[in-house]
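In what follows, a structure is listed as structure tokens, so that the remarks can point back to it.
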2 protein chains.
Amino acid sequence: MARTQGSHSDITGPRIRAAALELFARHGFAAVSMRQIAAHVGVQAGALYNYTPDKQSLLVDLMQAHMEDLMAAWANQQVAGDVVARLEAFVRFHIRYNLERSDAVFIAYMELRNLTEENFIRIEDHRRAYEDQLEGILKEGVAEGVFQVPDTKIAALAVIAMLNGVLTWYRDGGRLSLTEVETLYWDMVRKSVAV
Amino acid sequence: MARTQGSHSDITGPRIRAAALELFARHGFAAVSMRQIAAHVGVQAGALYNYTPDKQSLLVDLMQAHMEDLMAAWANQQVAGDVVARLEAFVRFHIRYNLERSDAVFIAYMELRNLTEENFIRIEDHRRAYEDQLEGILKEGVAEGVFQVPDTKIAALAVIAMLNGVLTWYRDGGRLSLTEVETLYWDMVRKSVAV
DNA sequence: GTTTTATCTGAACAAATGTTCAGTTAGCTT
DNA sequence: AAGCTAACTGAACATTTGTTCAGATAAAAC
């Protein structure tokens, strides 16, 4: 056999990335073999190399795409308003977006150690840029006297870490709805940076 | 060659666990081979099997030991006092303890997916018990009207997630001292659960 | 309908994996 | 000093790993 019926790179490519995303998130990058990914797509391992030069590139591309999507989604989301409204928007956006793409978020946070120095820096730059968005809001709020934090950089990291915690316990159809979770976290964040 | 000079299980055992801890934390469980651990100790791979029945048991034992140490250290730490003082004690304890054993903490949070169902439950029970300690303090505070949170369970998880975030950025000899970091986080936690 | 191009197979490769074990030597006991 | 036990080596094992590539077939272009 060789080329299979209905085969098309526009279909196989995304399916490979989707399978890799799910498997990397579930078992970890190092624990997943190229053959497992291929089997998930219904293809032989060799075929993957039409879509990625090697295994690590597959991981990096997934991370990079996620970080770019995240930044684009946030840029698209922003609403004008006072700093409090913008902080609330950030909190709700972050929770909702991260829960919708929990696999990608998980990978982007957990698999950094499997990256080469160069790739690590690329991804880390994206993350810092995202954190800077939140820190910018906090800085403004502090300048206006609406917020009070001892250190805006640390506060931004603390807030993001707190919000990311949702990933470890939230399940669809659980005790709390997505909106309830958002409101609950927003309540804590709001108070934590209050004057 | 066979038994080597100065070899003793009281020495080799701990060294194996220490090497495994460091390597698992740095590269991930699946990415570390038994031969790498052995090389780190200065021993052949086969010798490891005098100390563990298999690779996963090595991981589980490290996790279990960490969780037990954590619980014991907290039990040993507790001071009498009002709920606010006890919450502060928890925050400072958690930050300090986790930074001192960041490798173990990292592993206990990241490698759960490499466990069998049975082992997963064992470790997860420990974590829940630890989280319950914090939730207990929050519940008491809410009952007394000193704290106000919409949901003590979620609040406990949120606080712990926030504190764990320290691990991702804190470095010895950095801009902030350990005590400064503790105080900084305590400030945010205190406000986040305030009435 | 024929040629060209895109896509995949299937086999192969060397290297690395977790684990076992017979054999060997160091340390301890008597 | 002799015997016993604890600790380790070194080689072997069956699998699995990431990756390559010649060949085969489907889809697209002409």
> Any donor-acceptor pair under 3.5 Å between the side chain of Arg3(A) and the base of dA6(C)?
Replying inline: yes
> Any donor-acceptor pair under 3.5 Å joining the side chain of Arg35(A) to the base of dT19(D)?
Replying inline: yes
Between [N] atom [atom2] and [X] atom [atom1], what is the distance in whole Å?
X: Asn50(B); N: dA26(C); atom1: CG; atom2: P; answer: 17 Å
X: Leu48(A); N: dT9(C); atom1: CG; atom2: C1'; answer: 12 Å
X: Asp54(A); N: dT20(D); atom1: CG; atom2: P; answer: 8 Å
X: Leu58(A); N: dT17(D); atom1: CG; atom2: P; answer: 15 Å
X: Ile37(B); N: dT19(C); atom1: CD1; atom2: C1'; answer: 13 Å
X: Gln44(A); N: dA11(C); atom1: CD; atom2: P; answer: 9 Å
X: Met34(B); N: dC21(C); atom1: CE; atom2: C1'; answer: 15 Å
X: Ile16(B); N: dA7(D); atom1: CD1; atom2: P; answer: 11 Å

>> Here's a test of your reading of the structure: between Ala47(A) and Phe29(A), which maps to the more 5' nucleotide of DNA chain D?
In response: Phe29(A)
Under-4.0 Å side-chain N/O to phosphate OP1/OP2 contact, [X] with [N]:
X: Ser7(A); N: dA26(D); value: no
X: Ser9(A); N: dT7(C); value: yes
X: Thr4(B); N: dA26(C); value: no
X: Thr12(A); N: dC8(C); value: yes

> For DNA chain C, whose closest nucleotide is more 5', that of Tyr51(A) or that of Lys55(B)?
Replying inline: Tyr51(A)
> dT17(D), dA7(D), dT7(C): which one has an atom nearest the side-chain heavy atoms of His8(A)?
Replying inline: dT7(C)
> Does Lys55(B) count as lying over the ring of Phe29(B), i.e. NZ or CZ under 6.0 Å from the six-ring centre, within 45 degrees of the axis?
Replying inline: yes
> Taking it one step at a time, do Arg26(A) and Asp103(A) satisfy salt bridge (Lys or Arg N to Asp or Glu O under 4.0 Å)?
Replying inline: CA-CA 8 Å; Arg26(A) 181 143 62 201; Asp103(A) 282 353; over 6 Å; no
> Do you reckon Tyr49(A) sits in the same ILVMFWY cluster as Leu62(A), going by side-chain contacts under 4.5 Å, direct or chained?
Replying inline: yes
> How are the rings of His94(B) and Phe90(B) set relative to one another: parallel (under 30°), tilted (30 to 60°) or perpendicular (over 60°)?
Replying inline: parallel
> Please walk me through it: do Arg96(A) and Glu182(A) pass salt bridge (Lys or Arg N to Asp or Glu O under 4.0 Å)?
Replying inline: CA-CA 8 Å; Arg96(A) 202 171 332 112; Glu182(A) 282 177 23; 2.8 Å; yes
>> Regarding Val32(A), tell me which of base, sugar-phosphate or nothing describes its non-hydrogen contacts under 4.0 Å with the strands shown.
In response: sugar-phosphate
